[in-house]
Amino acid sequence: MNNHTTQSVTRFAPSPTGLLHIGGARTALFCWAFARKTAGRFLIRIEDTDTARSSATSETAILEALAWLGITWDDGPPPPTGYSGFGGDERNVAPFHQSRRAEIYDKYFNQLLDAGLAYPAFDTPEELDAMRAEAQAAKQTFRYTMPEGYDFAAARKRAESGERHVLRLRTPEEPITVNDEVLGEINFTTAHYDDFVIRKADGMPTYHFAVVVDDALMGVTHVLRGQEHLNNTPKHIALQQALGFDIPVYAHMPLIFNAKGAKMSKREQDQAVRVFCKDNEIVAPPEGTIDPAIFEKWLGDKKAQMETDQLQSLASALELDLPEVSVDDFRAAGYLPEVITNFIALLGWTPSKQDDGSDREKFDMDFLAKDFELSRIGKSNARFDRDKLMSFNQDAIGAMDPSEFTARYLAWCKQYAPNLLTQLGDRFDAFARMVHPRAKTFVHAAEPGAFVFIETDAIEYNEKNVKKFLLKGEPSGLETLTSGRAMLASLEEFTPEPIEAAIKAFCEANELGMGKLAQPLRIAMTGCAVSPGLGDTLSILGKETVLDRIDRCLSHHSAETA
RNA sequence: GCCCCCAUCGUCUAGUCAGGUUAGGACGCCAGGUUUUCAUCCUGGUAACAGGGGUUCGAAUCCCCUUGGGGGUGCCA
């Protein structure tokens, strides 16, 4: 036996029917981590046996999301555009799309058929429905088993003559024990599996069959997947036994839910927008978002789901943050890939303790690749806490040096906020530097800098702040603002440091606290007493605008002092 | 209905396998401090072993029951 055959192989096998769900991302991450940890291989396989729902677009989106997270694969489709250095077919196990493996499946279908371990069944969906209803009425679990006196030869003849049929596996009558690395030993009696379908009427293998054949042929040694598959496992083992395959190691991991304890789903997003519309009595879509007819129909039907991009344009027009569900959602919301992987790794898995014995929470992909252990996967489902994710993201952004933040923020804006870029022009670097210390996500980053984008004439002054910082005191804020204006007007270099220095010197010379000038200036610039650092705030506006805003503020409030 | 899995602060979790801890950390929340505002940062606080039976000198930890949560029960994956 050579090293090649003893090497561990894990796989992530998405079905290309949508974006990469955050739960799927965690499964992929753990599969990746286990392969790295054990110096094995991680492979990607595309499970596109559901021809009606699968699409190339969603396959591309899923691969791109994985690559963006830094979850790269050894075997599988080529890397998405813009990535390189992973994927391929070094071990000669392709194709990686189940839709292109029909011949392979046929070979094994025939093997089972010849051995009498699989048989054609001709029941129509309606007949099956009736049988299920009957079992339900009798308060029993429906189990399909081979009819008494089943005539193999006759059935094969019917099948070969083209009669519509499926293939079912003859399952054993003995209980099956699953040895799960996470859950332990679980015994399944025959009540858990019946003669399930292994080939659909359209000739495609079912999930159960394809997964078992492909895993075996692709040398998969460790199957790490969500707990929703636990009940499928005896079926897979029955199939492996019938086919003479080795049984891989199984590890079923807990599920991830939203804050409410429900499954995270796209439906949740539709729900959020619909509730918002109803609460705010919005009966028509904002101008330039979506077709009013579509909107109306969607609003009226609680279960209706809108296309993802339509929903997003609607949400952004309503200034509503959509609950994120897919990796793409989190990416668009301005979360960092290294933060997402760090955070989801913590959902259902615990890293080793730090050297001093304290708990570890922050780590990168390299650490995960070294530290990952199946034994530290938990058993109970986890809720996804966006507050904590946000906190991690803020910490990570805060830890970047300014040039890194600027570069990454720029890259994000190019993709998700091009308007910001055109409005800012060559002031982008200064803007990025200004908002960096306050940024929780790239989406939220621009908020403290909102004053940059409004017209001076459109500034609305906060009444409370005006009273406190402009009208009261001796000298009043307005008086300080007036003398401060002259000082700023005479300033030659209008960049952050000189501005800060000049303001400081001015306050000291006049024996004033910094706030005496700073707060009135903030109100003049933004309308309220909150802004980023004064040097940044003033310099990004430019001297002319700063003086304009001071003048407007002064004239606006002079009547009140009189 | 039937079957399977799970159960520590509001949330993620350490501790459970090899019973003995003031049940620890993180996010959140509250209070105080630093700061020209905000944010950051610092300090402190809040808050949990689902309930009931056992076993034991001793139970978060082992066993049973109840309750609660989740999953499955497809010619979806």
Side-chain angles (χ1 to χ4, degrees), chain A residues 13-15 17 47-50 52-54 121 123-125 128-129 132 135-143 164-168 178 180 182-184 186-189 191-194 196-202 204 206-208 210-211 225-234 252 254-255 257 259 261-263 343 346-350 353 357-362 375 378-392 394-395 398 435 437-440 448 465 469 500 503-504 507 512-519 521-523 526 528-534 537:
Chain A
S15 173
T17 55
E47 308 220 325
D48 52 356
T49 51
D50 185 341
R53 294 199 305 141
S54 297
D123 316 79
T124 63
L128 289 167
D129 283 347
R132 286 197 186 90
Q136 180 81 16
K139 299 192 171 183
Q140 280 176 342
T141 305
F142 173 67
R143 281 189 82 227
R164 195 170 173 82
H165 69 286
V166 299
L167 235 40
R168 288 179 179 270
V178 175
D180 191 273
V182 173
L183 269 6
I186 302 160
N187 295 303
F188 292 93
T189 65
H192 295 88
Y193 44 87
D194 61 357
F196 56 95
V197 175
I198 57 177
R199 188 176 69 194
K200 309 178 206 177
D202 67 2
M204 278 291 198
T206 58
Y207 158 72
H208 304 298
V211 97
R225 48 161 52 157
Q227 264 178 29
E228 73 265 27
H229 289 293
L230 182 59
N231 291 290
N232 291 329
T233 311
H252 289 93
L255 273 16
F257 296 106
K263 211 169 174 179
F343 184 74
L346 251 16
L347 262 26
W349 181 76
T350 310
K353 299 275 185 190
S358 61
D359 289 339
R360 184 197 313 270
E361 274 204 318
K362 303 285 178 72
S375 63
K379 296 181 182 182
S380 45
N381 298 333
R383 292 185 191 207
F384 194 97
D385 183 358
R386 287 194 178 78
D387 286 338
K388 188 158 177 171
L389 205 223
M390 179 95 72
S391 166
F392 272 38
Q394 179 169 26
D395 287 352
V435 300
R438 285 158 190 79
K440 290 178 197 278
N465 291 163
F469 296 112
E500 291 271 355
I503 292 174
K504 209 171 173 195
C507 290
L512 292 167
M514 281 283 278
K516 291 290 182 194
L517 177 59
Q519 296 310 77
L521 273 173
R522 288 200 160 87
I523 293 171
T526 73
C528 74
V530 173
S531 88
L534 266 188
T537 302

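Just so we're on the same page: letters track the sequence lines, and every chain starts at 1. Keep in mind that this is a model prediction, so the values were computed, not measured.
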Worksheet item: Within the structure shown, what part of the strands sits under 4.0 Å from Arg199(A) by heavy-atom distance: base, sugar-phosphate, or nothing?
Response: nothing

Worksheet item: Quick one: which of C6(B), C75(B), A14(B) gets closest to the side chain of Ala201(A)?
Response: C75(B)

Worksheet item: Rounded to the nearest 0.5 Å, how far does OG of Ser531(A) lie from CD1 of Ile523(A)?
Response: 10.5 Å

Worksheet item: Is Thr49(A) reaching over with its side chain to a backbone N or O of Met204(A), donor-acceptor style, under 3.5 angstrom?
Response: no

Worksheet item: What does His252(A) touch in the nucleic acid at a heavy-atom separation under 4.0 angstrom: a base, only the sugar-phosphate, or nothing?
Response: nothing

Worksheet, complete the sentence: Out of G74(B), U36(B), C76(B), minimum distance to the side chain of Phe142(A) belongs to G74(B)

Discussion item. Is the positively charged end of Lys362(A) above the ring of Phe392(A), judged by distance under 6.0 angstrom from the centroid and angle within 45° of the axis?
Written reply: yes

Discussion item. Tell me whether the count of non-hydrogen atoms from other residues, nucleotides or ligands lying under 6.0 Å of NZ in Lys504(A) goes above 12.
Written reply: no

Worksheet item: What does Arg522(A) touch in the nucleic acid at a heavy-atom separation under 4.0 angstrom: a base, only the sugar-phosphate, or nothing?
Response: base

Practice prompt. Write down the distance separating the C1' atoms in U13(B) and C49(B), rounded off to the nearest Å.
Written response: 13 Å

Fill in: Gap between atoms CG and C1', on Leu534(A) and C38(B) respectively (whole Å)
12 Å

Worksheet entry | Pair assignment for U11(B), Watson-Crick or G-U wobble, requiring both distances under 3.5 Å | A26(B)

Discussion item. Expressed as a whole number of angstroms, how long is the span from Asn231(A):CG to C4(B):C1'?
Written reply: 5 Å

Practice prompt. Select base, sugar-phosphate, or nothing to describe what Gly513(A) touches, counting heavy atoms under 4.0 Å on all strands.
Written response: nothing

Fill in: C75(B) phosphate, OP1 or OP2, under 4.0 Å from Arg132(A) side-chain N/O
yes

Worksheet entry | Side chain of Lys388(A) - closest among A26(B), C4(B), C76(B) | A26(B)

Worksheet item: Under 4.0 Å: is that the gap between some side-chain N or O of Thr206(A) and OP1 or OP2 of A77(B)?
Response: no

Item to complete: Tell me which nucleotide among C5(B), A77(B), G25(B) gets nearest to the side chain of Thr49(A).
Response: A77(B)

Worksheet item: If we call it a pair only when both distances are under 3.5 Å in a Watson-Crick or G-U wobble match, what pairs with U61(B)?
Response: none

Item to complete: Pick base, sugar-phosphate or nothing for Ala382(A), based on heavy-atom distances below 4.0 Å to the nucleic acid.
Response: sugar-phosphate

Worksheet item: U67(B) and G52(B): how far apart are their P atoms, nearest whole angstrom?
Response: 15 Å

Item to complete: Using a heavy-atom cut-off of under 4.0 Å over every strand shown, decide if Ile186(A) touches base, sugar-phosphate, or nothing.
Response: sugar-phosphate

Worksheet entry | Under 3.5 Å on both distances, the Watson-Crick or G-U partner of U55(B) | none

Worksheet item: Taking the side chain from Thr206(A) and the backbone from Val197(A), do they hold a donor-acceptor pair closer than 3.5 Å?
Response: yes

Worksheet item: Using atom P of each nucleotide, how far apart are U21(B) and U66(B) to the nearest Å?
Response: 31 Å

Worksheet item: Between C38(B), G71(B), C27(B), which nucleotide has the shortest distance from any of its atoms to the side chain of Val530(A)?
Response: C38(B)

Item to complete: Could you tell me whether the phosphate oxygens of C17(B), OP1 or OP2, come under 4.0 Å of any side-chain nitrogen or oxygen in Lys379(A)?
Response: no

Worksheet item: U8(B) and U16(B): how far apart are their C1' atoms, nearest whole angstrom?
Response: 10 Å

Practice prompt. Identify, between Ser15(A) and Ala529(A), the residue whose nearest nucleotide on RNA chain B lies closer to the 5' end.
Written response: Ala529(A)

Worksheet item: Are any side-chain N or O atoms of Asn381(A) and backbone N or O atoms of Pro254(A), one a donor and one an acceptor, separated by less than 3.5 Å?
Response: no

Worksheet item: Does any nucleotide pair with A31(B) by Watson-Crick or G-U wobble geometry, both distances under 3.5 Å, and what is it?
Response: U43(B)

Worksheet item: What's the CD-C1' distance between Gln519(A) and C38(B), to the nearest Å?
Response: 9 Å

Worksheet item: Can you find a side chain N or O atom of Lys353(A) that sits less than 4.0 Å from OP1 or OP2 on G25(B)?
Response: no

Worksheet item: Quick check: does any side chain N or O of Ser391(A) sit under 3.5 Å from a backbone N or O of Asp387(A), one acting as donor and the other as acceptor?
Response: no

Worksheet item: Across all strands, who's sitting opposite A18(B) as a Watson-Crick or G-U wobble pair, both distances under 3.5 Å?
Response: none

Discussion item. With rounding to the closest Å, how many angstrom separate the C1' atoms on A14(B) and G24(B)?
Written reply: 7 Å

Discussion item. For the P atoms, the ones on G44(B) and on A60(B), what distance do you get once it is rounded to whole angstrom?
Written reply: 28 Å

Discussion item. At 4.0 Å (heavy atoms only), tell me whether Glu361(A) reaches a base, stays on the sugar-phosphate, or touches nothing.
Written reply: base

Worksheet item: How long is the line joining CG of Asn465(A) and C1' of U37(B), in whole Å?
Response: 9 Å

Worksheet entry | Whole-Å distance separating the OH atom of Tyr193(A) from the P atom of C4(B) | 13 Å

Practice prompt. Let me know the distance between CG of Leu230(A) and P of G70(B), rounded to the nearest Å.
Written response: 17 Å

Fill in: Distance (rounded to the nearest 0.5 Å) between Thr233(A) OG1 and Asn231(A) CG
7.5 Å

Item to complete: Please confirm whether Tyr193(A) and His208(A) have ring centers closer than 6.0 angstrom.
Response: no

Worksheet item: Looking at C12(B), C41(B), A77(B), which one has an atom nearest to any side-chain atom of Arg383(A)?
Response: C12(B)

Item to complete: Using a 4.0 Å heavy-atom cut-off across all strands, classify Gln394(A) as base, sugar-phosphate, or nothing.
Response: sugar-phosphate

Practice prompt. Could you tell me whether Asp194(A) contacts a base, only the sugar-phosphate backbone, or nothing, with contacts defined as non-hydrogen atoms closer than 4.0 Å?
Written response: nothing

Worksheet item: Expressed as a whole number of Å, how far does the P atom of A23(B) sit from that of G69(B)?
Response: 30 Å

Worksheet item: What does Ser358(A) touch in the nucleic acid at a heavy-atom separation under 4.0 angstrom: a base, only the sugar-phosphate, or nothing?
Response: nothing

Worksheet entry | Phosphate OP1/OP2 of A14(B) contacted by Thr350(A) side-chain N/O (<4.0 Å) | yes

Worksheet, complete the sentence: Ranking Gly515(A) and Trp349(A) by the position along RNA chain B of their nearest nucleotide, the one closer to 5' is Trp349(A)

Worksheet item: Contact class for Val166(A) vs. all strands (heavy atom < 4.0 Å): base, sugar-phosphate, or nothing?
Response: base

Discussion item. Quick check for you: among A77(B), U36(B), C76(B), whose closest atom lies nearest to any side-chain atom of His208(A)?
Written reply: A77(B)

Item to complete: With the side chain of Asp395(A) defined as its heavy atoms from C-beta on, choose the nearest nucleotide among U37(B), C41(B), C5(B).
Response: C41(B)

Worksheet item: If you check every side-chain atom of Asp359(A), which of A14(B), C75(B), C12(B) has the closest atom?
Response: A14(B)

Discussion item. Please report the distance separating the C1' of G10(B) from the corresponding atom of C30(B), rounded so that it comes out in whole Å.
Written reply: 14 Å

Worksheet item: CZ of Arg225(A) versus P of G71(B): gap in Å, rounded?
Response: 17 Å

Worksheet item: Once you round it to whole Å, what is the distance between P of G70(B) and CD of Glu228(A)?
Response: 15 Å

Worksheet item: When we call it a touch if two heavy atoms are under 4.0 Å apart, what does Asp202(A) touch: a base, just sugar-phosphate, or nothing?
Response: nothing

Discussion item. Donor-acceptor check, side chain of Arg360(A) to backbone of Lys353(A), threshold 3.5 angstrom: yes or no?
Written reply: yes

Discussion item. Taking any heavy-atom pair under 4.0 Å as a contact, classify Phe343(A): base, sugar-phosphate, or nothing.
Written reply: nothing

Practice prompt. For A50(B), give its Watson-Crick or G-U wobble partner with both distances under 3.5 Å, or none.
Written response: U66(B)

